[in-house]
Amino acid sequence: MEPPFNSFIVYANSDSDLNQFSTSVSSYHQNSFFHANDDVIKLFHSDSSSSNVVTWKGENVPVFQFGWIPRYIQNISVKGVDVIHDRIWWQSFKINTCLFPSSFTTADTTLTTLIFSNFRKEAKLLELFVAVLFLNMCSNIKPVDAIDVSCLSSVATEDSCLWYLNSEYEKELVYDAEGKVKGGTLVALIEHLTSHDCLDLLFNTTFLLTYPSFTTPQTFLEQLVVRFEIQAPEGLTVDEFTKWVELKRKPIQLRVLNILKIWLNHYWSNKYIDTENCTSGGILSSIAAVSEHLIKQRFQGASAHAKLVQQCQSGDKHTKRTIVNVSQNIMHSIFHRCRLKSLNSPYIKPLEFARQLTLIDFQLYSRILSLEISLSPDIRHNKNIKAFIMHSNTLTTWTVHTVLAQTDIRSRVRMIEHLIAVADSCRALKNFSSLAAIVSALYSSPIYRLKKTWGALRHSSIVILASLERLMNSAHNFREYRATLHMLSPPCVPFLGVYLADLTFIMEGNPDMLLREINDVPVINFAKRTKVADIIREIKRFQDVQYSIKLVPELQNMIYESIYSVPSFESMYSRSLNAEPSE
């Protein structure tokens with residue numbers, strides 16, 4: 001029988017033969033049937049979608065592919081997909097293949113807003129090859145939504161009902177109305193994290209982002225080891241034991257190793273692991289012992305895992321973060337070095353000033369770690385967050401000081417108009433941090449009371465400033481700013497104050513534990529951690545794509561020297577009275 005419609009197989013003796021083959025089709029991503037051996041649906045670019053597709057996959061991997069070079073991809077939507085006949089040869093036997101790639105060549109790809117819905121796959125989705133490492137790097141992911149993994153074949157349906165394949169602690173989980181994990185005991189949460197028969201990517205990233213808030217690293221590791229060494233229930237026949245090993249123990253062990261790999265690659269920090277009762281060195285030694293044991297057993301992937309642990313022990317391994325340049329077109333400098341005297345110089349164009357501020361802000365913003373947020377109840381006291389806030393406040397003080405340093409109305413008008421242009425350029429660069437700092441300064445009481453100065457401003461400048469203030473206004477919980485940010489793609493420096501306010505509201509307004517117990521064991525409020533993790537993902541989303549702006553060292557040095565050498569804000573009001581006495 002010929003392959004079904006919208007299917008084709010190409011045979012060639014050499015690469016040159018393949019190069020001569022090409023096809024041009026449209027609408028293959030909708031209402032189509034694909035028969036392919038590998039990479040059935042390629043989602044290589046932003047704003048890609050696929051809907052109402054049936055794929056018949058051959059014996060290679062995977063079903064979905066995101067490319068073989070580092071990319072920045074956003075807004076991927078896959079709806080109504082049926083995956084049938086997906087089998088792969090692995091160590092001389094066939095198993096269910098994966099949906100996503102696990103190749104390290106895709107590990108530098110950043111995805112934002114990945115949505116899968118109304119999805120069905122023949123037989124169970126196993127852990128093997130599923131790129132948990134890759135997908136847990138991604139930010140703002142909504143993983144498989146309304147996924148239907150019900151088995152299509154009669155054999156698989158029977159397997160799914162076998163009592164010895166059931167989860168032991170499922171009853172210790174609490175779900176919300178949408179079927180998401182709301183809470184659970186620690187052992188139940190870790191069982192779900194390393195489940196053999198389901199893959200909950202959003203849960204996994206939430207757990208790893210927030211676990212320090214409800215357990216210790218040492219306890220987490222101990223529970224993973226217990227999970228890896230899972231024992232078969234008593235009374236199984238030889239056939240049942242073989243099936244239990246293949247369908248439960250092996251997937252669980254592979255999942256545990258993947259979680260450990262993700263933990264070390266993306267969520268590890270010696271500084272935030274070390275406490276009075278726990279040291280990073282001790283935990284790494286324990287993980288190393290597990291790796292050595294697996295190497296002796298010739299467990300697949302154990303050597304690579306041991307190498308990763310050694311890198312962490314030697315200090316050569318840092319928490320992995322993908323930094324992507326979305327454009328290779330570097331914005332070049334537009335100021336005159338020979339005429340540079342001070343930040344008040346007319347030769348510093350507002351756009352160039354805004355660019356250098358943006359580079360400084362992004363550098364400070366990108367240093368904020370997720371562990372800083374999840375570990376401390378008072379997030380404003382964390383080192384990197386505190387440094388970012390201090391820089392913003394200092395920029396506000398410098399702005400006020402710079403205006404008041406002008407000795408006459410005409411000079412103050414010129415300076416305010418210049419600063420409005422800088423703030424407007426920050427808006428164009430999507431730097432909402434410096435934008436908020438400058439606008440806040442111009443609306444502060446020492447500046448806002450200068451009626452004669454404001455009366456001399458050009459109307460066009462007043463209009464621009466009003467639009468900037470409206471954008472950053474806190475009315476209706478920063479409604480306009482939030483709507484604007486939601487529509488933007490990186491690079492961007494958000495206004496951190498909104499995130500901090502949201503985090504404070506969540507942390508203070510929700511209990512750490514649910515008001516119930518299961519078998520006399522406290523139930524962790526995982527819904528609270530999910531809310532915190534959502535904000536952490538949003539923060540990380542704008543850390544992963546850097547600006548293509550040329551750094552100007554002379555100007556950057558002058559910015560640092562100027563804004564960090566001004567008097568305190570408290571002294572500004574008296575200076576304002578000297579500039580324009582009260583009438």
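Residue numbers count from 1 along this sequence.
- Legend: residues meeting side-chain hydrogen bond (donor to acceptor under 3.5 Å, both in side chains) with Asp512, ordered by chain and number and at least two apart, are Lys528.
- The two residues Ile536 and Ser370 have their closest heavy-atom pair at CG2-CB, 3.5 Å.
- With rounding to the nearest 0.5 Å, the separation of CG in Asn204 from CG in Asn258 is 9.5 Å.
- Distance CG/Leu247 to CD1/Ile252: 11.0 Å, rounded to 0.5 Å.
- The backbone N or O of Thr215 sits nowhere less than 3.5 Å from a side-chain atom of Thr219 that would complete a donor-acceptor pair.
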message = Let's go through Phe526 and Phe203 carefully: what are the C-alpha distance in whole Å and the side-chain angles of both, what is the deciding distance for ring pair (Phe, Tyr, Trp, His ring centres under 6.0 Å) to 0.1 Å, and is it a yes or a no?
response = CA-CA 9 Å; Phe526 199 76; Phe203 176 91; 4.6 Å; yes
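- Surrounding OH of Tyr164 are more than 12 heavy atoms belonging to other residues, nucleotides or ligands, all under 6.0 Å away.
- Between the side chain of Asn382 and the backbone N or O of Asn384, no donor-acceptor pair lies under 3.5 Å.
- Contact between His192 and Cys198 at its shortest, heavy atoms only, is CE1-SG, 3.9 Å.
- With rounding to the nearest 0.5 Å, the separation of NZ in Lys540 from CD1 in Ile535 is 14.5 Å.
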ask   = Would Phe214 and Leu186 satisfy side chain to side chain contact (heavy atoms under 4.5 Å, CB included), going step by step from the backbone distance to the final call?
value = CA-CA 8 Å; Phe214 55 84; Leu186 179 60; 4.0 Å; yes
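- Using a 4.5 Å heavy-atom cutoff, the side chains of Ser474 and Tyr481 are not in contact.
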His266 and Leu208: CA distance, side-chain angles, deciding distance, side chain to side chain contact (heavy atoms under 4.5 Å, CB included) verdict = CA-CA 9 Å; His266 304 289; Leu208 291 171; over 6 Å; no
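- For the residue pair Asp197 / Ser195, a side-chain donor-acceptor distance below 3.5 Å is found, with atom types taken as modelled.
- Classification of Asp534 and Lys531 as a salt-bridged pair fails, no side-chain N sitting under 4.0 Å from a carboxylate O.
- Val532 places none of its side-chain heavy atoms less than 4.5 Å from the side chain of Leu209.
- Phe220 and Phe207 have their aromatic ring centers within a separation under 6.0 angstrom.
- Residues Phe542 and Val493 form no side-chain contact, since every pair of their non-hydrogen atoms from C-beta on lies 4.5 Å or further apart.
- Taking the side chain as every heavy atom from C-beta outward, Arg227 and Val256 approach each other to under 4.5 Å.
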key: side chain to side chain contact (heavy atoms under 4.5 Å, CB included) assessment of Val245 paired with Glu240   = CA-CA 9 Å; Val245 169; Glu240 288 173 336; over 6 Å; no
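- Looking at Glu508, its side chain never comes within 3.5 Å of a backbone N or O of Ile506 through a donor-acceptor pair.
- At least one side-chain heavy atom of Gln253 sits under 4.5 Å from a side-chain heavy atom of Arg249.
- Proximity of a side-chain donor or acceptor of Ser434 to a complementary backbone N or O of Asn431 within less than 3.5 Å is not detected.
- A donor-acceptor pair is defined here as one N or O able to donate and one able to accept, closer than 3.5 Å; no such pair exists between the side chain of Lys430 and the backbone of Pro494.
- Within the structure, every pair that satisfies the salt bridge (charged side-chain N to carboxylate O under 4.0 Å, His left out) test and touches residues 164-175, not counting sequence neighbours, is listed here: Glu168-Lys248.
- How far CE of Met487 is from OG1 of Thr484: 9.0 Å, rounded to the nearest 0.5 Å.
- Thr358 contributes atom OG1, which lies 12.5 Å from atom CD of Gln363 (distance to the nearest 0.5 angstrom).
- Counting heavy atoms from C-beta outward, Pro491 and Gln546 have side chains that stay 4.5 Å or more apart.
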request  = Starting from the C-alpha separation in whole Å, work towards a yes-or-no answer on side chain to side chain contact (heavy atoms under 4.5 Å, CB included) for Phe228 and Leu257.
outcome  = CA-CA 8 Å; Phe228 186 90; Leu257 284 183; 4.2 Å; yes
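- Contact detail for Asn525 and Pro511: the closest heavy-atom pair is ND2-O, 2.8 Å.
- Within the 3.5 Å criterion, the main-chain N or O of Leu165 finds a donor-acceptor partner in the side chain of His196.
- Between Phe362 and Cys492 the shortest heavy-atom distance is CD1-O, 4.4 Å.
- The closest donor-acceptor contact from the side chain of Asp361 to the backbone of Ser433 lies at 3.5 Å or more, if one exists at all.
- Side-chain contact between Thr185 and Ile524 is absent, with no heavy-atom pair separated by less than 4.5 Å.
- The backbone N or O of Ile190 sits less than 3.5 Å from a side-chain atom of Thr194, completing a donor-acceptor pair.
- Listed here is the closest heavy atom pair of Glu538 and Tyr499: CG-OH, 2.9 Å.
- Side-chain contact of Thr206 with Thr530: a donor-acceptor pair under 3.5 Å is absent, judged by distance alone.
- Minimum interatomic distance between Ser392 and Ala437 (heavy atoms only, all atoms of both residues): O-CB, 3.6 Å.
- Within a 6.0 Å sphere centred on CZ of Phe505, heavy atoms belonging to other residues, nucleotides or ligands number 12 at most.
- Scored by the side-chain hydrogen bond (donor to acceptor under 3.5 Å, both in side chains) test, Asn477 finds Arg482 as partners (sequence neighbours excluded).
- Using a 4.5 Å heavy-atom cutoff, the side chains of Arg255 and Leu193 are not in contact.
- With 3.5 Å as the limit, one finds no donor-acceptor pair spanning the side chains of Ser213 and Thr210.
- In this structure, Gln223 contributes its side chain and Val187 its backbone to no donor-acceptor pair below 3.5 Å.
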